[in-house]
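Per chain, numbering begins at 1; letters A, B, ... match sequence-line order. Predicted model, so just to flag it, every value in this text is computed and none were measured.
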There are 2 protein chains.
Amino acid sequence: MITIKDIAKQAGVTYGTVSRALNDEPGVSEKTRAKIRAIAEQMNYVPNLAAKRMVDRSANCIGIIWPKFEGLFFYRLSERIQQEASGRGYRIMLSVAEPEDALASFQEHFIDKVIHWVYAEETASFAAAKQSFHGTILEVGYRPNGHTFCLEIDRKGAVCKAVRHLAELGHRRIAFLGARTDKLVGYTQGLVDFDLEYSPDDIVITKPSDPRMEHKIAAFLDKTHPDRATALIVDSQGLMFEFAKMANAANVRIPDQLSLVCYDDVPELHSMLPVPITTVGPNVDALARRLMDTITEQDGRESDRFEQIVESVLTVRQSTQAPSPP
Amino acid sequence: MITIKDIAKQAGVTYGTVSRALNDEPGVSEKTRAKIRAIAEQMNYVPNLAAKRMVDRSANCIGIIWPKFEGLFFYRLSERIQQEASGRGYRIMLSVAEPEDALASFQEHFIDKVIHWVYAEETASFAAAKQSFHGTILEVGYRPNGHTFCLEIDRKGAVCKAVRHLAELGHRRIAFLGARTDKLVGYTQGLVDFDLEYSPDDIVITKPSDPRMEHKIAAFLDKTHPDRATALIVDSQGLMFEFAKMANAANVRIPDQLSLVCYDDVPELHSMLPVPITTVGPNVDALARRLMDTITEQDGRESDRFEQIVESVLTVRQSTQAPSPP
DNA sequence: CTGTTAGCGCATTCAT
DNA sequence: ATGAATGCGCTAACAG
């Protein structure tokens with residue numbers, strides 16, 4: 001292993017100077033700094049994080065706990081976060097382990113900033129792990145009770161925005177396909193806000209792990225106008241996969257027979273139907289930037305409490321249009 | 001932060017003794033050991049991993065460099081690798097950074113075992129980074145020149161197997177959609193081996209980043225029997241997304257009008273068409289196990305050279321059937 | 001501007 | 001069985 005001492009010897013200075021030079025500390029002539037940088041590069045110097053971490057607490061590394069059930073969207077988000085982080089001189093480490101194990105892993109590797117995508121109330125074991133974790137955990141997405149540092153995503157508002165968009169196009173009966181979450185709340189609120197019709201048939205509660213999912217989707221698709229709603233909001237990309245397959249098979253034309261909005265904007269979505277899909281959800285680029293801003297600046301926050309809301313954007317594409325006349 | 005020195009003071013011994021006691025080293029009376037343990041517990045002592053790591057530098061951790069362009073398949077593979085690793089007491093860290101940066105990250109964190117998914121000849125900068133990396137890199141997939149520790153995936157053989165399957169079903173004209181890689185070589189070899197017809201129209205060279213991709217796929221789909229082949233092999237899940245969309249739009253029925261085989265078996269694939277898709281490619285579970293076996297046992301290998309081939313499996317599903325009579 | 005040095009928390013000698 | 005001392009690689013404070 002090569003250390004700053006090796007570099008010092010090579011450069012003909014002491015290793016204190018090397019440390020200053022490499023860390024952009026003042027008090028080194030630009031000439032020596034450049035020389036030292038060159039030598040470090042040439043010798044392929046890699047700083048020893050453990051040693052750094054012993055002295056000052058910052059590791060310039062952010063750990064990310066990969067959530068289950070968010071496959072594609074999270075992959076895209078990770079890519080963007082990585083780019084953001086690189087630009088700011090941070091490294092990123094991902095873990096696909098169980099959240100509590102991931103936290104332990106990060107702990108072992110001196111990573112003291114963690115981004116945790118939350119989609120439900122936390123388990124007892126994770127709460128315990130969090131307790132003994134020595135660092136900052138930024139919780140993103142859902143806002144469980146008792147968190148003091150989190151970035152909530154306004155899923156409710158997002159779906160409400162989708163309802164509004166459809167209502168403005170002239171739809172009177174808008175259906176919802178998804179699980180019983182905030183998104184559903186946003187849907188029902190939208191119905192009320194925009195004074196829309198409501199039929200129990202228009203709410204299809206299911207998710208990809210539900211054994212009766214196919215049955216439920218089929219039941220929805222089997223109906224025809226005017227029994228079926230003229231527009232549908234699907235609450236996740238995972239469900240959208242399933243729905244698109246069945247809609248294709250059933251020859252339901254989008255958007256002629258059914259306008260469609262999907263939560264979460266992932267590129268793969270638009271390959272599933274003949275037309276690109278209108279989406280709502282946080283903008284991936286903006287979210288990545290926001291995440292990095294928040295977690296890198298948390299040191300300076302006065303209060304021990306930090307809660308912000310991330311707004312969603314509606315991206316109108318060809319899967320939504322005014323309802324066709326009967 | 002509480003250290004072994006605090007415990008030592010409390011216990012009335014020196015901190016060397018505390019270290020021995022807490023690490024189950026011999027040379028401590030059971031009585032003092034018990035006492036020290038009790039005090040440590042009571043004081044809520046948490047060992048400082050950075051300091052530990054400074055003296056003995058082993059991490060029991062495997063780093064994985066996330067390849068570009070392998071989105072879904074690699075996500076599935078990672079999940080399986082994680083499970084395998086957990087069972088063996090290893091940790092997993094993923095990096096989505098540029099390969100050379102990822103390597104530096106791992107170095108910083110004392111991760112000395114790395115799995116690198118290779119899909120092409122390596123860049124000069126990565127070769128340099130590899131040079132100075134202090135640890136083992138297992139290269140998987142493609143086998144570039146000069147690698148000494150790698151697990152090659154028999155992509156050529158896989159596609160050849162696909163051709164064979166289609167030939168045995170009775171297809172005489174089989175097309176290929178994909179990039180100019182080993183997979184294409186496997187295809188042409190299959191044509192020769194099984195004495196099939198060959199038409200230049202049956203080879204569509206493209207990939208998702210190709211601006212003319214849509215045009216090329218459309219040209220293929222626009223033809224009808226007997227101008228079009230009766231079966232098609234798609235070389236990647238990414239392309240399959242695009243193809244499925246266009247096939248659906250063009251109302252090409254699978255498998256009635258066209259039998260279809262796709263390389264790489266990812267669950268999402270089967271939501272894209274009305275029928276589940278026949279696939280070839282390495283079995284994810286087996287591959288994960290093989291990877292872990294190889295990388296955890298590499299310490300004991302005598303030779304400095306290790307090369308093995310991973311076979312692929314064909315999973316027949318409903319997207320392939322005998323060609324319909326004209 | 002650069003050299004020198006203390007010390008971060010710990011495992012590991014070598015003494016006792 | 002235990003104490004004392006050394007050093008891992010590095011930053012920061014102080015000295016020159």
Short side-chain to backbone donor-acceptor contact, B/Asn48 and B/Ala50, under 3.5 Å: yes
Donor-acceptor contact present, side-chain B/Ser86 to main-chain B/Gln82, <3.5 Å: yes
May I have the distance from [X] (atom [atom1]) to [N] (atom [atom2]), rounded to whole angstrom?
| X | N | atom1 | atom2 | result |
| --- | --- | --- | --- | --- |
| B/Lys5 | D/dG3 | NZ | C1' | 14 Å |
| B/Glu108 | D/dG9 | CD | P | 15 Å |
| B/Arg53 | C/dT12 | CZ | C1' | 18 Å |
| B/Ile36 | C/dA11 | CD1 | P | 12 Å |
| B/Ile2 | C/dC8 | CD1 | P | 15 Å |
| A/Met43 | D/dG9 | CE | P | 13 Å |
| B/Asp6 | C/dC10 | CG | P | 9 Å |
| B/Lys31 | D/dA1 | NZ | C1' | 12 Å |

Aromatic ring proximity A/Trp117/A/Tyr142, centre distance under 6.0 Å: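 No, the ring of A/Trp117 stays outside the 6.0 Å limit from the ring of A/Tyr142, centre to centre.
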Salt bridge flag under 4.0 Å for residues B/Arg91 and A/Asp101: no
Residues B/Glu84, B/Arg88: salt bridge by 4.0 Å N-O rule: yes
Atom CD of B/Gln308: over 12 foreign heavy atoms under 6.0 Å: yes
Report, one pair per line, the protein and nucleotides 11-13 of chain D atoms (nitrogen or oxygen only) whose separation is under 3.5 Å.
from, atom 1, to, atom 2, distance (Å)
D/dT11, OP1, A/Asn23, OD1, 3.4
D/dT11, OP1, A/Asn23, ND2, 2.9
D/dT11, OP1, A/Lys52, NZ, 3.0
D/dT11, OP2, A/Ser19, OG, 2.6
D/dT11, OP2, A/Asn23, ND2, 3.3
D/dA13, N6, A/Arg20, NH1, 3.3

N/O (side chain, B/Thr17) to phosphate O (OP1/OP2, D/dA1) under 4.0 Å: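 Answer no for this pair, as no side-chain N or O of B/Thr17 is under 4.0 Å from OP1 or OP2.
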Candidate nucleotides D/dC8, D/dT2, C/dC1, ranked by approach to the side chain of A/Thr32 - the nearest: C/dC1
Among C/dT2, D/dG3, D/dG9, the one nearest A/Met54 by side-chain distance: D/dG9
Sugar-phosphate only, base, or nothing, as touched by B/Thr14 at under 4.0 Å among non-hydrogen atoms: base
Identified side chain to side chain contact (heavy atoms under 4.5 Å, CB included) partner of B/Ile65 from the options B/Leu103, B/Ile115, B/Val118: B/Leu103
